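Let me begin by presenting the structure, written as structure tokens, before commenting on it.
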Amino acid sequence: MTTPVIAVTPGASLAQAARLMRRYEIKHLPVVDRHGALVGIVSRGDLLTPFLRPDADLHDEIVHDVLVGQMCVEPSTVDVRVVDGVVTVRGRLESEDVARETVRLVRALDGVVEVLDELTAAADLLGPATAPHFHAPMTPLP
């Protein structure tokens, strides 16, 4: 067993537990209550079963179902890479709202362990507004 003990509470999400197991390269994760008492143990097999999807399947679901099907985004505008369930999305979308919603939908997919968000919005690249500035002469108030 490693020290200090890496553990989760019963309220931890599957994704949080999976990240810990991956980060610390451990196969069993104790589940402890708020007093530190052991209430269970999760094995890698127990935890990762819902996430065991081939990266190619995740990639296809992201491109076809999320980008095209839900977000109506031209798939060539976003580079999607999936390695061991970690998804990197890179590209330029029409707005920050579209980029945020795209990342939210990708995170919600079964099998996605983490999303590395490298999306930008077209509006972000335009810089500050270039509208002319009008300066009225200042006149003293009566």
Side-chain angles (χ1 to χ4, degrees), residues 1-139 141:
M1 182 171 247
T2 61
T3 58
V5 174
I6 308 301
V8 292
T9 60
S13 71
L14 291 176
Q16 290 168 326
R19 282 188 207 108
L20 281 174
M21 292 175 83
R22 183 169 161 247
R23 181 181 307 139
Y24 293 100
E25 298 179 7
I26 54 179
K27 295 180 181 177
H28 296 89
L29 189 63
V31 180
V32 296
D33 66 15
R34 62 187 178 121
H35 303 290
L38 183 67
V39 295
I41 294 180
V42 177
S43 74
R44 190 181 294 189
D46 295 336
L47 184 66
L48 298 179
T49 299
F51 293 103
L52 295 178
R53 295 181 61 195
D55 290 342
D57 289 354
L58 275 174
H59 178 275
D60 291 347
E61 184 174 358
I62 292 165
V63 171
H64 299 293
D65 296 353
V66 174
L67 294 179
V68 176
Q70 292 180 283
M71 298 306 298
C72 299
V73 168
E74 171 57 45
S76 65
T77 62
V78 178
D79 179 35
V80 176
R81 296 181 190 222
V82 183
V83 178
D84 296 331
V86 177
V87 178
T88 302
V89 286
R90 179 181 301 132
R92 187 171 81 183
L93 297 176
E94 67 186 66
S95 72
E96 191 174 318
D97 289 340
V98 171
R100 252 194 319 266
E101 180 65 7
T102 299
V103 170
R104 186 190 71 74
L105 290 169
V106 170
R107 273 195 182 107
L109 295 176
D110 286 340
V112 172
V113 174
E114 185 175 359
V115 178
L116 303 176
D117 176 6
E118 298 179 10
L119 294 173
T120 60
D124 294 343
L125 301 176
L126 297 177
T130 56
H133 294 26
F134 296 100
H135 299 283
M138 293 190 65
T139 56
L141 294 173

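Numbering starts at 1 and runs along the sequence shown. Values in this document were obtained by computation on a predicted structure and should not be read as measured data.
Of all non-hydrogen atoms in Pro30 and His28, the two that sit nearest each other are CD-O, 3.9 Å. Residues Val39 and Pro10 share a closest heavy-atom pair of CG2-CG, 4.1 Å. Annotation for Leu58 and Asp110: closest pair CD2-O, 3.4 Å, computed over non-hydrogen atoms. Nearest heavy atom pair, residue Leu67 against residue Val63, reads CB-O, 3.3 Å. The minimum heavy-atom distance between Ala121 and Ser95, with the atom names listed, is CB-C, 3.3 Å. Closest approach of Ala17 and Leu29 over heavy atoms only: CB-CD2, 3.7 Å.
Here the CG atom belonging to Asp57 is positioned 11.5 Å from the NE2 atom belonging to His59, to the nearest 0.5 angstrom. Here CD1 of Ile41 is found 9.5 Å from OG of Ser43. Values are rounded to the nearest 0.5 Å. The OG1 atom of Thr88 sits 6.0 Å away from atom CD of Glu118, with the distance rounded to the nearest 0.5 Å. A distance of 8.0 Å separates CD in Gln70 from CZ in Arg104, rounded to the nearest 0.5 Å. The CG atom of Leu109 sits 8.0 Å away from atom CG of Asp65, with the distance rounded to the nearest 0.5 Å.
By the neighbour-count criterion of 12 heavy atoms within 6.0 Å, atom CZ of Arg100 is densely surrounded, having more than that number from other residues, nucleotides or ligands.
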Quiz item: Checking side chain to side chain contact (heavy atoms under 4.5 Å, CB included) for the pair Leu116/Val86: CA distance, chi angles, key distance, verdict?
Solution: CA-CA 7 Å; Leu116 303 176; Val86 177; 4.0 Å; yes
Exercise. Kindly determine whether Thr102 and Leu93 satisfy side chain to side chain contact (heavy atoms under 4.5 Å, CB included), including the steps that lead there.
Key: CA-CA 10 Å; Thr102 299; Leu93 297 176; 3.8 Å; yes
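A donor-acceptor pair under 3.5 Å links the side-chain atoms of Asp33 to the main chain of Ala37, judged by distance alone. At least one donor-acceptor pair closer than 3.5 Å links the side chain of Arg19 to the backbone N or O of Val113. In this structure a side-chain-to-backbone donor-acceptor pair under 3.5 Å is missing from Arg44 to Met21. A donor-acceptor pair is defined here as one N or O able to donate and one able to accept, closer than 3.5 Å; such a pair exists between the side chain of Asp55 and the backbone of Asp84.
In summary, Glu114 and Arg107 do not engage in a salt bridge, as defined by a charged side-chain N under 4.0 Å from a carboxylate O.
With contacts defined as side-chain heavy-atom distances shorter than 4.5 Å, the pair Met71/Leu105 qualifies. Side-chain contact check for Val98 versus Glu101: every heavy-atom pair is 4.5 Å or farther apart. Taking 4.5 Å as the limit, some side-chain heavy atom of Ile26 sits within range of a side-chain heavy atom of Ile6. Under the 4.5 Å side-chain criterion, counting only non-hydrogen atoms from C-beta, Leu119 is in contact with Val103. Put simply, the side chain of Val73 does not reach to within 4.5 Å of the side chain of Val68, judged on heavy atoms.
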